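Residue indices begin at 1 and follow the sequence shown. Note: hydrogens, waters and symmetry copies are ignored here, and every other heavy atom, side chains too, is used. Source: prediction; values computed, not measured.
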Amino acid sequence: MKRDDYIGGSISARIYEKNLLSKNDLERLNDYDKIEDVLNALNDSSYRESIKDLQRPSDYEKILNDELKNTYKLIEEIPNSKDLLQYFREKYNFHNLKVMAKEVLQDENYSNLYSEIANIDLAYIKENILKDKKNEDALVKETSIDFKAKEENVSEDDLYLSYIREALGKFRETKDPRDLDIILDKNYYEKLLADSKNIGLEGLIKFTKEKIDLTNIKILLRIKAQNQELDRLDEALIDGGNIEISTLKELFILDLNQIILKLQNYDIGKYLKDLASKDKSLDQSMLDLEKAIDDHQMQYSKKAKDMTYGPEVLINYIISKETEIKNLRIILVSKVNSLSKEFTLERLRETYA
């Protein structure tokens, strides 16, 4: 990867950054009492065109989805952005695989839930899955195709087909719908780590490994909160992080404070220190961990502030825009549900601007 290849793209991304909503902007939006007032205030932002076409305020998701699509279109126009965008598209690709799995199993149409940001061939994958369903003997548990398989002329769509086949095969074996998410989440992070290595950016590889660590801790806390067994944790934990699976399993019998103490020397330790509190339930700590995972992403993103140009500048804009959209969703949901402004403010993610 040549940093000079991103000079022009970095200039464009810096221009786009100027339109990002700041922390103060979000706090002002949160101060409004009604969703209509929030939308009116956004008429002076990049969201204005989508707001014009909005039929009713409760359809705010259309605004957010339109803005996300526009963001990806802007970055698509920048040379050498394809691999970077693919890294961020993966969560939408795997979201679509989860939707498809539920469609096939429940014999329903959930086409309205598919993300348009994804770039896998849904028609091809679904056609093959439906063939499998007609011939259940073909729907067997299989392991994911190794990423070296790319060298053996296995297409990207066949790779994603293998992921959903593995998930459906596991469900066929256990009849437990949670296994769909477990298998697809494992494959998602495996693919994400492979994408980061393909890009060849050491900082992104390090970030991805830490993201896996934080996700594994979230899995650990969730399984403890649900009073499930160690075997379930073993099935759900994701390979590829800096913290060994065996270490995470050893934490299973400890309470939250002990877990945080054991992990304090890892790079992700600083994101865990605020989770422990005598007044918090394990469920509340998990909510805080969700926020910490997003803040970890923004901390990585902000490193681009000190860079004149490079792929990190494009990555920063994508992360910053997706975080902005998530923050707006938190605010809009809070207005619809009449949640307190204090609670909403606590849930807002760290911003770039």
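- With 3.5 Å as the limit, one finds a donor-acceptor pair spanning the side chains of E17 and N316.
- No side-chain donor from either of N242 and D267 sits under 3.5 Å from a side-chain acceptor of the other.
- Under 4.0 Å is where a charged nitrogen must lie from a carboxylate oxygen, and between K102 and E108 no such pair does.
- A salt bridge links E210 to K206: one of the charged nitrogens lies within less than 4.0 Å of a carboxylate oxygen.
- Across all non-hydrogen atoms, the minimal contact from A118 to N93 is CB-OD1, 3.1 Å.
- Using a cutoff of 4.0 Å between basic side-chain nitrogens and carboxylate oxygens, K302 and E350 are scored as salt-bridged.
- Closest non-hydrogen pair, N30 versus K335, comes out as O-NZ, 2.7 Å.
- Taking 4.0 Å as the cut-off between side-chain N and carboxylate O, E229 and R232 do not count as a salt-bridged pair.
- Salt bridge D66/K62: present, at least one basic N to carboxylate O contact under 4.0 Å.
- Side chain of E324 to main chain of L21: a donor-acceptor pair is present (N/O by atom type, distance under 3.5 Å, no hydrogens or angles).
- The aromatic rings of F207 and H296 lie parallel to each other, with less than 30° between the two planes, well short of the 60° mark.
- Residue Q299 places its CD atom among more than 12 non-hydrogen atoms of other residues, nucleotides or ligands, all under 6.0 Å distant.
- Electrostatic pairing of K191 and E156 counts as a salt bridge here, judged by a charged N lying under 4.0 Å from a carboxylate O.
- Across all their heavy atoms, N112 and N109 have their closest contact at OD1-O, 4.4 Å.
- For the pair K305 and Y352, the distance from NZ or CZ to the six-membered ring centre is under 6.0 Å and the angle to the ring normal is within 45 degrees.
- Side chain to side chain, Y124 and D158 meet the donor-acceptor criterion of an N or O pair below 3.5 Å.
- Ion pairing of D33 with K341 is present here, as a side-chain N (NZ or NE/NH1/NH2) and a carboxylate O approach within less than 4.0 Å.
- D288 and R347 are joined by a salt bridge, as a carboxylate oxygen and a charged side-chain nitrogen come within less than 4.0 angstrom of each other.
- Ion pairing between a basic and an acidic side chain is recognised when a charged N comes within 4.0 Å of a carboxylate O; R28 and D31 show no such pairing.
- For the pair K249 and E244, the salt-bridge criterion is not met [side-chain N within less than 4.0 Å of a carboxylate O].
- Electrostatic pairing of E77 and K73 does not count as a salt bridge here, judged by no charged N lying under 4.0 Å from a carboxylate O.
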Stepwise, does the salt bridge (charged side-chain N to carboxylate O under 4.0 Å, His left out) test hold for D4 with K2? CA-CA 5 Å; D4 288 357; K2 296 180 180 178; over 6 Å; no
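- With salt bridges taken as basic N to acidic carboxylate O contacts below 4.0 Å, one links K91 and E322.
- Between D37 and K34 there is no salt bridge, since no side-chain N of the basic residue sits under 4.0 Å from a carboxylate O of the acidic one.
- Side chain of Q258 to backbone of D255: a donor-acceptor contact under 3.5 angstrom is found.
- Between R329 and E61 there is a salt bridge, since at least one side-chain N of the basic residue sits less than 4.0 Å from a carboxylate O of the acidic one.
- Under the 4.0 Å criterion applied to side-chain N and carboxylate O atoms, D83 and R89 are not assigned as salt-bridge partners.
- Under the side chain to side chain contact (heavy atoms under 4.5 Å, CB included) rule, Y6 has a single partner from I11, I78, L84, V313, which is L84.
- Among all heavy-atom pairs drawn from P311 and R3, the shortest one is CD-NH1, 4.1 Å.
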Before you tell me yes or no, could you show the steps for D295 and K291 under salt bridge (charged side-chain N to carboxylate O under 4.0 Å, His left out), namely the whole-Å CA-CA distance, both residues' side-chain angles and the distance that decides it to 0.1 Å? CA-CA 6 Å; D295 289 346; K291 184 176 184 296; 3.1 Å; yes
